Protein chains: 2
Amino acid sequence: MATIRDVARLANVSMATVSNALNSSDRVSPELLARVRAAVEKLSYAPHAGARSLRKRSSGLLGLVVGDITNPFFSDLFEAVEDAAAANGYLVLLCNSSERSEREEAHLRMLRTQRIDGLILAPTGAASMHRAALLAQLEVPIVLVDRAMDGLGYDAVVLDNRKAGFEATSHLIARGHRRIGLINGPEIVRTAADRMHGYREALLSAGLPFDPALVRDAGFQERPAHDAFGELMALVEPPTAIFATNNLMTIGVVTALADRGLSCPEDISLVGIDDLPWADAVLPRLTAIAQPVRAMGETALTLLAERIAGTRLGPGTTTVLAPRLVVRRSCGSPVPLKAAHV
Amino acid sequence: MATIRDVARLANVSMATVSNALNSSDRVSPELLARVRAAVEKLSYAPHAGARSLRKRSSGLLGLVVGDITNPFFSDLFEAVEDAAAANGYLVLLCNSSERSEREEAHLRMLRTQRIDGLILAPTGAASMHRAALLAQLEVPIVLVDRAMDGLGYDAVVLDNRKAGFEATSHLIARGHRRIGLINGPEIVRTAADRMHGYREALLSAGLPFDPALVRDAGFQERPAHDAFGELMALVEPPTAIFATNNLMTIGVVTALADRGLSCPEDISLVGIDDLPWADAVLPRLTAIAQPVRAMGETALTLLAERIAGTRLGPGTTTVLAPRLVVRRSCGSPVPLKAAHV
DNA sequence: CTTTTGTTGTAAAACGTTTCAAACAAGGCT
DNA sequence: AGCCTTGTTTGAAACGTTTTACAACAAAAG
């Protein structure tokens, strides 16, 4: 494969000139620029990224580490980030940890070896001291997405989770529901706590009581959510509506519905956080709180690019983006207990 | 960040010894090995991938280019490929072309600059001369997934599409269906042609006539499939079952079903190719032909690794993997025309 | 005691870029 | 004519590795 030296020889100029022509084309005369371009074309020269990163001390690579690329939220996020990165001349290295912390660690080490210029991290699992150390070792700007991590001073871009919880719950209340089951993630994680906070606020501002028996921690996962739904329905006073705070758990309760032959919204109402690509295709047609995934990816990248360029200084701030309620058919009015064929 | 020189100084050995200790640990005495390891640990040294690739003339990077990472088939594929790659010491660079050929080209150029050691390509769109040239310029082994490209001599791993078509159709025939609508991709692409081939074989071996009016080209896309379904149902003798040959088109017809208030399998039966993660959660619970995505990713990577290592020579061969029918609830017996509330 | 063989370590030369400082050319001023 | 400017071009050094070729030495063989 041709090197910059070959190009220089063919164009009859120095290597430095070729480099200048390719990188800062205004610093070289039109005459030579044309010669260089022609030579590049003829040899179909492609610079060697490794050599370049060695000399420039910057690789043009960005890392994106997510917990599960199979989750539509994350694949959409990747798409958004990659588009924005391409527009800024960066290439993104996607790391999928499959929710396993050992793999995440391995990836972080890999990213360090690759000398990435910046990292976008969608933190998963518990915040470990060890991870914090690995992140610091990277010695590059980091932007958090989806979940903030307190005390580390990183920029973050997250959903307005309180508002998401509030709106979902209010939507249900507006339809007449008074007992609303909340299937949530672990309260230790901010996201889950905030969503529940919104839920309580909505209840409060409608003058409804908060009943702890109606909330379950299903760890943001599908199967536990399925089971949690069962528990909720076994209550002496079961809920007439369910609010599931992420897409996996929403799928879990939809499955549970189908298992019991319950139909939605006739027998019970359902609203979830995270819109799903097929939410409009299948039954029930799911009403959901959509996250502005694209905007999240784009602002994360903008923040990161600014940090890298050094045009953004000071402590990290967290950007909060508004949720959007998309109303479909899964929420109706509550049905009297006996009418439901449980 | 520490360099190999720093490690050498701290361990009181030469740089060469550090390199040997790290790469071929058996060529250095236990004594020094320990010293080197300690120094590496203390400095938390991470080698510089760029420098290494410069010298070694190999980057440890593999490319994976797909048309749409948002499609579960491709995100599953990425997961499988990444796992297998990690096991072989490779890092994978995911390129999502969003089905746009210009972006695909840009990605291929990028991959050349990165000096990837090999490429896994899930070809999308038409086979262009231009793309073929770009692929050749890469000068690395290439393995095709999902679709083969004739005449270029690359290895490929694909589904047994004929069999997939045959099994899906036979499943429907076994339930008593005689008029089966086929919503297919463009026949120019092998995948689509083969699936249709299987469809015809199944018809033939059941002694059923092949009616061209029952097959539509929906370009493997959702919206066109939705419309194609409408056309099929407008026939004087509409089908009692639909076979959609990929996941997007399956979603399209499910939507069309819901739009018309048709239920499945009561009013019409449906089988699709590509299983979907939520196929069991929603209604209708979709019977589908599952592709062995994980196996596809793994064998693709194995093939690629062997080509790179030079342990595999000669012209490319195409590996054909068997489909798996997963039966759920979307296929029943045909209902007489008048009974269906169209 | 010399030679051979084998092991373990090292100095130095690449690998392909970018960038620094210096050289050079061509005008524009005194 | 001499002296600055200003703008282009270039030689050479540096970036952090791996590898080649060889040196040093010890052990085994003669």
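So that the names make sense, note that chain A is the first sequence line, chain B the second, and so on, each numbered from 1. Keep in mind that what you see is a predicted model, and the values were worked out from it rather than measured.
For B/Arg52, the listed nucleotide lying nearest its side chain is D/dT17; candidates were C/dG16, D/dT17, C/dT18. When distances are taken from the side chain of B/Arg27 to each of D/dG16, C/dT18, C/dG9, the shortest belongs to C/dG9. The listed nucleotides are C/dT19, C/dG9, D/dT9; the one nearest the side chain of B/Val28 is C/dG9.
Between B/Ser29 and C/dG9 there is a side-chain N or O to OP1 or OP2 distance below 4.0 Å.
Within the nucleic acid shown, B/Thr17 comes within 4.0 Å of at least one base atom, counting heavy atoms only. Here B/Thr3 lies in heavy-atom contact (under 4.0 Å) with sugar-phosphate atoms only.
At whole-Å resolution of the value, CZ in A/Arg57 and P in C/dT18 are 15 Å apart. Going from atom CD1 of B/Ile4 over to atom P of C/dA12 covers 17 Å, rounded to whole Å.
Residue side chain B/Arg55 does not reach the base of D/dT17 through any donor-acceptor N/O pair under 3.5 Å, judged by distance alone.
Within the 4.5 Å cutoff, the side chain of A/Glu79 has heavy atoms near those of the B/Ser98 side chain.
Remark: B/Arg109 engages B/Glu105 in a salt bridge, criterion side-chain N to carboxylate O under 4.0 Å.
Checking B/Asn23 against A/Glu31, the closest nucleotide of DNA chain D that is more toward the 5' end is the one next to A/Glu31. When the nearest nucleotides of DNA chain C are assigned to B/Ser14 and B/Ala51 by heavy-atom distance, the more 5′-ward of the two goes with B/Ser14.
Within 6.0 Å of atom CZ in A/Arg190, 12 or fewer heavy atoms from other residues, nucleotides or ligands are found, so the atom counts as exposed in its surroundings.
Remark: of the listed residues B/Asp83, B/Thr299, B/Asp76, B/Asp83 is the sole one forming a side-chain hydrogen bond (donor to acceptor under 3.5 Å, both in side chains) with B/Arg294.
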